There are 2 protein chains.
Amino acid sequence: MIPLVPRAATTSDAFNAVAEPRRRQILNYLADTERSVGDIVSRLGLEQPSVSKHLRVLRDVGLVRAKRHGRHVMYRTNPDAIRPLHEWTKTFERFWVHQLTRIKERAEGKGREPGYDR
Amino acid sequence: MIPLVPRAATTSDAFNAVAEPRRRQILNYLADTERSVGDIVSRLGLEQPSVSKHLRVLRDVGLVRAKRHGRHVMYRTNPDAIRPLHEWTKTFERFWVHQLTRIKERAEGKGREPGYDR
DNA sequence: ATCATATATTCCTATATCGGAATGTGTCAA
DNA sequence: TTGACACATTCCGATATAGGAATATATGAT
């Protein structure tokens, strides 16, 4: 039977790839230096297949690059692929610039702006 | 039976909430002005229940605020909640600053850096 | 060729998630 | 109170996804 409304593919863009906490950890870890899969496994304490699968997702969306080195495969994050996310969040930047007063207010316990109770 | 390894809750943080394209549309639309649910429905051409459900997710993670106004409920995005995403992406900023040459290279068709063929 | 190491893939299962349809709740007006 | 309008929730079915375990592939060493 033909699927009525196929669910949108999820792990096929950077936003979704990054939604997974472990994948963010991996990206953080690979930001400065390239690392082998084994390094990631021991550093983050994850199962090896799990790491490989996450790397696969990250690679498919271009967030990491891989290079074989002997029996090791070295990965490093590709910061350019993160840029679109940065640009999107940046469109909201103007709202939190010069808002030290608001930050102060929240620090004082005032959770929400007046009128917004939900 | 107790679930062996419960999958991590997903729609419970901003990263996941924002991973859904429609939710980003909504956030964009609500960035400048508060809008009613009906406005969002007609503007984005989505089903009303769908919009309500997305708004629910966004509200639960604090990305939007709601205020009742007669029979309408006005929503607006809460930019502060987007800030953590911005901060995270920003940690990669240093890698793409002053990289006009790279951008140029890619425009010339050189997809990946030398050595990274995967 | 064989073995060990490093990494990738496949299979399976439980759960999460989305959309659609139907229904529920709240608010204003007459 | 009844009805209309605005929005929210629930139920359903299809699919996506993550983790675990097992297995496959690739490379280097002997």
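Labels below follow one simple rule: chain letters A, B, ... track the order of the sequence lines, proteins then strands, and each chain is numbered from 1. Quick caveat, the model's predicted, so the values are computed rather than measured.
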Measure from NZ or CZ of A/R24 to the centre of the six-membered ring of B/F15 and say whether it is under 6.0 Å with the direction within 45° of the ring axis. yes
Side chain A/R68, main chain A/G70, donor-acceptor under 3.5 Å: yes
So, OP1 or OP2 of D/dA8: does either fall under 4.0 Å of a side-chain N or O from B/R56? no
To the nearest Å, how far apart are A/D60 CG and C/dA8 P? 12 Å
What pairs of nitrogen or oxygen atoms, one from the protein and one from nucleotides 22-27 of chain D, lie under 3.5 Å apart?
none

Distance check needed: D/dC7 P versus B/R59 CZ, whole Å only. 13 Å
Roughly, in whole Å, what's the span from CZ in B/R35 to C1' in D/dC7? 18 Å
Any side-chain to backbone donor/acceptor pair from A/S42 onto A/G38? Under 3.5 Å, distance only. yes
Can you tell me if B/S36 touches the phosphate of D/dC7, counting only side-chain N or O atoms and a distance under 4.0 Å to OP1 or OP2? yes
Using OP1 and OP2 only, check whether a side-chain N or O of B/S50 sits under 4.0 Å from C/dG19. yes
Considering only heavy side-chain atoms of B/E20, the closest of C/dG19, C/dA6, C/dA8 is C/dG19
Taking for each residue the nucleotide of DNA chain D bearing the nearest heavy atom, is the 5' side occupied by A/R22 or by B/M74? B/M74
Check residues 44-55 of chain B and write down every donor-acceptor pair under 3.5 Å in which the side-chain atom is one partner and the other belongs to a residue at least two apart or another chain.
| unit_1 | atom_1 | unit_2 | atom_2 | d |
| --- | --- | --- | --- | --- |
| B/Q48 | NE2 | B/S52 | OG | 3.1 |
| B/H54 | ND1 | B/R23 | NH1 | 3.2 |

Could you give the CD-to-P distance, from A/E47 to C/dC11, as a whole number of Å? 20 Å
What is the separation between atom CG on A/L44 and atom C1' on D/dG19, rounded to the nearest whole Å? 16 Å
Specify the separation, in whole Å, of atom CD1 of B/I26 and atom P of D/dA8. 11 Å
Using whole Å, report how far CG of B/L58 lies from P of C/dC18. 10 Å
Should B/D32 and A/R94 count as an ion pair when the cut-off is N to O under 4.0 Å? yes
B/K53 atom NZ is separated from C/dC18 atom P, nearest whole Å, by 9 Å
Should the pair A/H86 and B/H86 be assigned to parallel (<30°), tilted (30 to 60°) or perpendicular (>60°) ring geometry? parallel
Does OP1 or OP2 of D/dG19 have a side-chain N or O of A/H54 closer than 4.0 Å? yes
With a 4.0 Å limit, can you tell me whether A/Y75 has a side-chain N or O closer than that to the phosphate oxygens OP1/OP2 of C/dA8? yes
Any donor and acceptor pair, going by atom type alone, linking the side chain of B/N78 with main-chain N or O of B/V64 inside 3.5 Å? no
